[in-house]
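Presented below is the structure to which this report refers.
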Amino acid sequence: MSRWNSQENYSPLPAQNPPRVLITGGLGQLGVGLAQILRKQYGSENVILSDIKKPPPHILSTGPFVYADVLDYKHLRELIVNYRVTWLIHYSALLSAVGEANVALARKINITGLHNVLDLALENCLRIFVPSTIGAFGPSSPRDPAPDLCVQRPRTIYGVSKVHGELMGEYLHHKYGLDFRCLRYPGVISVNTAPGGGTTDYAVQIFHDALSTGHHECYLRPDTRLPMMHISDCHRATVEFMQAPECQMSLRTYNIAAMSFTPEELAQEIRKHLPHLKVTYNPDSVRQNIADSWPVRFDDTNARRDWGWTPAFQLEELVSDMLRSIRDKRTNEGLPVS
């Protein structure tokens, strides 16, 4: 039986106190970095990371961490009550390529887990952020650019689950007043976490390969253009969006954009720093078909107008920052640098 039927009125908590934030799926690509930013603003004790994996010691030393399985509704409710949570950042998900390899698990985590956090957000008057993705679009969507509102119809379980999340969140907002917020992320490029099964992961792995072996084998065609974003811009967009007054928001789900490039364009920019880089192309049919169904560019006009979104990193800045950061990381770990 649905738990929504008992929610007649939704009354957000007073805004004067700092939020108490729970991040699900917190040990993935985005959670740790976002927690660092939020802890600087709101205090370490007010941001609780969670996941089903054991965290490394440096994560445990920086602030609260708890075990949380998004499929365990009762335990999630206990965490929200015990930690007096007021914001929920829902990062638990199986990504595009991994999801296609295990559709049943992806359906569980990406849809059943989503229903659990939406129910709990409604029950406990939370502000909830659920990221969406470039993968929420499909082959019948406008590709260059893809606007906020258009035909979507994705062809992966990841994309289908994200469209479902967008629509469920908007439904609960309009019916019950749930403070639901959603950003469609492009491919996110970062140093601190290993690629996690997404179609845009090549744009992370190529930097590691450039500085280790000097050779990268790309699973996409060299002319496959996709929207991308530096992780710093992704974190900043998320924080600014969560902090934006509701009166500024004309939508509940927004595109955010920074740049679009192909594997060959990225390789050419890296070669300005590392001329020896060799890239070979061996397209993987699953990831290539996924990429071919996605937009080439995002139209983020509404985010820029409504709450002031603007990116800081373009391709040149992204490449310089990634090479510098990975070089420093490899040096600190005692690994050779090509």
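FYI, the numbering just counts along the sequence from 1.
Residue pairs meeting the side-chain hydrogen bond (donor to acceptor under 3.5 Å, both in side chains) criterion with at least one partner in residues 48-57, sequence neighbours excluded, do not occur; the list is empty.
Looking only at distances, no side-chain donor or acceptor of Arg184 sits under 3.5 Å from a matching main-chain atom of Ile256. Remark: the backbone N or O of Arg20 is paired with a side-chain donor or acceptor of Thr86 at under 3.5 angstrom.
Between Asn116 and Arg77 there is no side-chain heavy-atom pair separated by less than 4.5 Å.
Classification of the Tyr91-Phe129 ring pair by plane angle, with boundaries at 30° and 60°, yields perpendicular.
The two atoms that bring Leu220 and Ala291 nearest to each other are CD2-CB, 4.0 Å, heavy atoms only.
Taking 4.0 Å as the cut-off between side-chain N and carboxylate O, Lys74 and Asp69 do not count as a salt-bridged pair. Glu264 has a carboxylate O that lies under 4.0 Å from a charged side-chain N of Arg271, or vice versa, which qualifies the two as a salt bridge. In summary, Arg297 and Asp299 do not engage in a salt bridge, as defined by a charged side-chain N under 4.0 Å from a carboxylate O.
Under 3.5 Å, the side chains of Glu166 and Ser132 contain a donor-acceptor pair of N or O atoms. In the model, Ser96 has a side-chain atom that pairs as donor or acceptor with a side-chain atom of Thr199 under 3.5 Å.
Note: Tyr281 and Tyr202 fail the aromatic proximity criterion, with ring centroids not under 6.0 Å apart.
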Residues 57-64 side chain polar contacts: donor-acceptor under 3.5 Å, at least two apart:
from, atom 1, to, atom 2, distance (Å)
Ser61, OG, His58, O, 3.0
Thr62, OG1, Arg39, NH1, 3.4
Thr62, OG1, Ile59, O, 2.9

